[in-house]
Amino acid sequence: MTDHAPVVLDTAGPSLDANDRRRIAHPLTGGLILFARHFESRAQLTAYVAEAKSIRPDLLVCVDHEGGRVQRFRTDGFTHLPAMRAFGELWMRDAMRATDAASAAGYVLATELRACGVDFSFTPVLDLDHGRSEVIGDRAFHRDARVVSLLAKSLMHGLLQAGMANCGKHFPAHGHARADSHVAAPVDTRSRRALLADDVRPYDWLGGTLSSVMPAHITYPKVDSRPAGFSRVWLQDILRGEIGFNGAVFSDDLSMEGARVIDGRTASASEAAVEALNAGCDLVLLCNQSKVDGGAPVDALLEGLAEAQAAGRWQPEPASEARRIALLPRTDPWPWDELMHDPAYQRALERLAF
C-alpha cells in the first residue's frame, strides 16, 4: 500500500466511536470534514479534534466555514461572518475598505477555527454571481471576475496571516448553472472560450496564491463530456497545464447526486473516487454517509479504493500526498482565551464591522 491518504470523510456525531476511530486510522484516510452536527461547544469541538488527531497526527481537519448561510459553527463565541456578497456590495461603495474587511474576515475565520484545532476551511468561493444559481447566490463576491479575484485574494491574505491554507471553488464555474449539484447533474453549455475569458479568470490570476482547488460537479459539454471533477481536460490540460496550478485538488462531495454521473451512468462512491483520482484529484470527499447504515458507505469507499489500488485501477500521483501535507498549518494557533485578548484579532473584528 502507498502512504498516500486521499480520503476525506466524516463521522456521525460530536464524539468518536470505535468505528470512527477505525476509519480515521485507515491508511487511505487523510482528512476529516466537520459539519454543524459535530459542534456542541468549543470545549467539546476542541476535544473531538484532539482525539481524532491523536489517532492520526497529520489528519487534515476541514470544514465549510465561508460565512453567511455556509458557516458550521455559530455559537459559543464564534463570530457570525457575513456572506461574501456583502464584501462585493461594500466594494461598490468603497473598494479599499472592502479589501480590508475581507482580509479581516479571513483572519477572524481562521484564528477562531484554529483555536479549536481545525486546520482548514473550504474558502473562498471564486464563482461569479451570474444571478442564476441559487446554490451559489450570495456566497459569491461579485459578478466581475476582477472584483472576485481581489476580494478573494484579500480574504486569503487574512487566512495566511493566521496560518491557514485556502481552497478556491468551484472550478471552473458554478455560478451560471441553475441546477443544484447536490440533487441534480447540472450542465453549463457555454463554450470553452467564454468560460476561460470570464469565470476561469480568478483561477488564473490567483494561481500562484491558491493552496487548493475544488472542481464543480458540473458538465460543460462544449469542453468535455465528463463533469469537471472527473475530467482530465479540465484538471490536467487546463488547470494544471494552461493555468499552471500546482496545489492540491479536492473532489467535491461524492455523495451528491450530481457527483456520480459519469459517462451517462451513476457510479458508486468508490468508482467515482477512482475516476476523480485518475482524472487529477489529489483528495476525495465523502460526506454525510457515516450516518447511513452505521457508516457502511464509508467502509465501502475505503475498501473499494484499496481494492482498486491493489488491482492497478488507481495509482497515486507521487506529489499528491505532499500536496495534502502542505495544507496543514505550520504555526501553532492562539488558544481561544489568549486569542480573545490578541490585539490583531480585536482589530480584525473592528475592521469586519461594516
Side-chain angles (χ1 to χ4, degrees), residues 64-71 79 81-111 113 120-133 136-176 190 194-216 238-239 242-249 327 344 347-354:
D64 278 314
H65 203 81
E66 303 168 9
R69 57 193 160 101
V70 183
Q71 180 174 338
T79 301
L81 299 164
M84 295 302 100
R85 179 183 285 168
F87 298 100
E89 292 171 345
L90 178 58
W91 172 281
M92 302 305 292
R93 304 191 302 272
D94 186 340
M96 299 312 296
R97 177 77 182 87
T99 63
D100 188 49
S103 292
Y107 187 77
V108 169
L109 181 162
T111 52
L113 288 177
F120 181 80
S121 174
F122 291 104
T123 188
V125 170
L126 298 182
D127 298 308
L128 307 188
D129 185 4
H130 289 277
R132 295 167 57 92
S133 172
I136 299 301
D138 65 1
R139 296 166 65 192
F141 286 107
H142 203 273
R143 169 62 183 87
D144 189 324
R146 297 167 297 179
V147 177
V148 169
S149 299
L150 289 170
L151 289 175
K153 191 168 189 175
S154 298
L155 185 126
M156 288 156 53
H157 183 232
L159 297 176
L160 179 64
Q161 286 181 304
M164 183 176 284
N166 58 69
C167 182
K169 61 185 187 184
H170 305 82
F171 177 80
H174 204 312
H176 198 266
R190 289 177 295 167
L195 288 159
L196 294 181
D198 197 9
D199 295 66
V200 176
R201 296 307 295 274
Y203 296 92
D204 190 5
W205 290 328
L206 300 174
T209 49
L210 281 172
S211 310
S212 65
V213 164
M214 178 180 286
I238 298 174
L239 183 61
E242 293 184 27
I243 294 175
F245 178 70
N246 58 11
V249 177
L327 298 176
R347 175 65 178 136
L349 289 176
E350 293 171 5
R351 289 155 52 209
L352 187 53
F354 63 87

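Predicted model only: the values in this text are computed from it and were never measured.
The minimum heavy-atom distance between Pro172 and Val200, with the atom names listed, is CB-CG2, 3.5 Å. In plain terms, the two heavy atoms of Ala353 and Arg97 that are nearest each other are O-NH2, 3.3 Å. Scanning both residues, Ala194 and Arg190, for their nearest heavy atoms gives CB-CB, 4.3 Å. Nearest approach of Trp205 to Ser149, heavy atoms of both residues: CE3-OG, 3.1 Å.
Side-chain contact between Ser121 and Leu113 is present, with heavy atoms from C-beta onward closer than 4.5 Å. Within the 4.5 Å cutoff, no side-chain heavy atoms of His176 are placed close to those of Leu195. Side-chain contact check for Ile243 versus Phe171: some heavy-atom pair is nearer than 4.5 Å. You'll find the side chain of His130 stays beyond 4.5 Å of the side chain of Ile136, heavy atoms only. No side-chain heavy atom of Leu128 sits less than 4.5 Å from a side-chain heavy atom of Arg201. Residues Phe141 and Val147 fail the side-chain proximity criterion, which asks for heavy atoms closer than 4.5 Å. Between Asn166 and Leu210 the shortest side-chain heavy-atom distance falls below 4.5 Å.
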Please list every donor-acceptor pair under 3.5 Å in which a side-chain atom of residues 151-163 meets a protein atom from a residue at least two apart or in another chain.
unit_1 : atom_1 : unit_2 : atom_2 : d
Ser154 : OG     : Leu150 : O      : 2.9

Donor-acceptor pairs under 3.5 Å, side chain of residues 82-92 to any protein atom, not counting sequence neighbours: which ones?
unit_1 : atom_1 : unit_2 : atom_2 : d
Arg85  : NE     : Asp129 : OD2    : 3.4
Arg85  : NH2    : Asp129 : OD2    : 3.1

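Look at Asp198 and Arg143 and you find a salt bridge, because one of the NZ, NE, NH1 or NH2 atoms lies within 4.0 Å of a carboxylate O, short of that distance.
Of the possible polar contacts, none joining the Glu66 side chain to the Arg139 backbone as a donor-acceptor pair under 3.5 Å is found.
Under the rule for a side-chain contact (heavy atoms from CB on, under 4.5 Å), the partners of Ser212 that lie at least two apart in sequence or sit in another chain are Phe120, Cys167, Ala248, Phe250, Leu327.
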